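Below is one structure; the comments refer to it alone.
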Protein chains: 2
Amino acid sequence: MTADDGIAELAHRLRPLVFRLYYVVRRETPQYQLTLTQGSVLAALVLDGPQRMSALAEREGVRTPSMTDVVGRLERLGLVRRGPDPTDGRAVIASATEEGRRLIDELVRAREEFLRARLARLDDADRAAITAALPAFERLAGVGGTPAPDQAATTDAITNAGDDANEEETDH
Amino acid sequence: MTADDGIAELAHRLRPLVFRLYYVVRRETPQYQLTLTQGSVLAALVLDGPQRMSALAEREGVRTPSMTDVVGRLERLGLVRRGPDPTDGRAVIASATEEGRRLIDELVRAREEFLRARLARLDDADRAAITAALPAFERLAGVGGTPAPDQAATTDAITNAGDDANEEETDH
DNA sequence: CGACTTACTTAGACTGCCTAAGTAAATTTT
DNA sequence: AAAATTTACTTAGGCAGTCTAAGTAAGTCG
């Protein structure tokens with residue numbers, strides 16, 4: 001009982017923090033001309049290599065028609081290329097161009113630099129506490145619920161730091 | 001030098017974590033029929049009371065015309081009400097209805113419950129580490145950059161947990 | 001009182017997402 | 001092997017969110 005109450009209390013304190021941290025990083029990091037979705041998809045291609053449209057869609061949690069649009073726009077921007085899948089005539093494989101790769105590199109760098117600057121403002125004790133808690137947070141964020149693919153949210157995480165503005169959903 | 005390298009390394013490890021945690025909570029918590037934006041705005045009204053359109057817009061990081069739309073939709077959904085500002089004839093004050101309030105309560109509860117379940121899966125040592133690091137994270141997430149209003153991201157944080165799908169930006 | 005500023009809405013356009021439907025290729029059935 | 005089914009992606013139509021530009025109403029200042 002007592003233990004559980006403690007956990008609930010911890011959840012209560014943690015909830016706002018999760019969103020606030022995300023929000024701050026997102027708002028204070030430049031977007032390099034990409035929307036959140038575009039950044040997330042591009043990052044997936046840069047970090048994990050060429051992938052099928054359907055794989056990208058599933059990974060981003062959207063339907064394939066939506067991915068068709070996104071990849072189409074990235075293609076027009078010169079950041080992504082479409083190509084055939086030698087093993088399956090129906091499939092289309094998307095891959096990042098050199099320019100796309102460069103953009104993601106910059107984006108990741110910018111986010112880390114922002115966090116570095118923030119961390120530098122804390123004192124050693126705070127940094128030590130954060131460092132000590134990292135493994136625990138990694139387990140917390142781990143794809144625990146279902147025996148998940150553990151990769152799903154990773155790349156998304158790398159890029160989803162755009163404006164707040166576009167964060168919409170269409171679920172109704 | 002050495003110290004700074006350590007901070008950079010910490011930032012490197014922290015970056016993906018920030019986004020992954022956010023992503024996980026967002027994807028795994030039900031939305032109660034609200035889009036991310038709607039939820040964020042409604043939460044702001046529920047938690048901090050009636051506010052002007054312009055205040056809401058600034059807080060959400062969008063322009064006022066966008067907020068006009070969002071509040072308009074929330075109003076049609078019966079979750080928000082528009083009213084005059086007795087002190088300024090130009091202004092419009094939006095406030096949550098009872099139904100809106102109820103919805104946000106459920107939403108917050110759901111998110112905390114999700115986190116609680118996740119936390120319950122960790123061992124005591126992990127929970128202790130997270131608890132110990134909370135104050136440091138709060139300072140890290142604090143509106144440090146500019147002498148900010150410290151409230152800005154808070155409510156946003158409460159609701160922004162929808163799908164990933166709608167996360168768009170319009171910045172170009 | 002007239003000029004300027006401020007608060008919000010309207011108008012037009014882009015991106016993202018979805019469902020439904022269509023095309024093409026691979027697989028399964030018979 | 002031809003037909004039926006399934007799979008991968010695109011197209012079409014529609015909604016939500018955002019933006020800039022422009023318009024209206026109200027407050028402020030000289």
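In what follows, chains are A, B, ... by sequence order, proteins preceding strands, each numbered from 1. Values in this document were obtained by computation on a predicted structure and should not be read as measured data.
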Write out all pairs satisfying side-chain hydrogen bond (donor to acceptor under 3.5 Å, both in side chains) with one or both partners inside residues 89-98 of chain A, taking only residues at least two apart or from two chains.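 The answer is D88(A)-R90(A), E98(A)-R101(A).
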By nearest-nucleotide position on DNA chain C, the 5'-leaning member of R63(A) and T87(A) is R63(A)
When you check the phosphate oxygens OP1 and OP2 of dC18(C), does a side-chain N or O of S66(A) lie under 4.0 Å from one of them?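 Yes, such a contact exists.
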Using salt bridge (charged side-chain N to carboxylate O under 4.0 Å, His left out) as the criterion, list what pairs up with [X], not counting sequence neighbours.
X	value
R82(A)	E75(A)
R13(A)	none
D123(A)	none

Test: E106(B) and R109(B) ion pair at under 4.0 Å: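 Looking at R109(B) together with E106(B), the answer is no, because their closest N to O distance does not fall below 4.0 Å.
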Given atom [atom1] of [X] and atom [atom2] of [N], what is their separation to the nearest angstrom?
X	N	atom1	atom2	answer
L74(B)	dA16(D)	CG	P	11 Å
R76(A)	dC14(C)	CZ	P	11 Å
R59(B)	dT18(D)	CZ	C1'	19 Å
Q38(A)	dT15(C)	CD	P	8 Å

Base contacts versus sugar-phosphate-only contacts with protein, heavy atoms under 4.0 Å: please encode nucleotides 3-10 of chain C as B, S and - from 5' to 3'. ---BSSBB
For D105(B), enumerate each residue passing the side chain to side chain donor-acceptor pair (under 3.5 Å) test, keeping only those at least two apart in sequence or located in another chain.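 Applying side chain to side chain donor-acceptor pair (under 3.5 Å) to D105(B) gives none.
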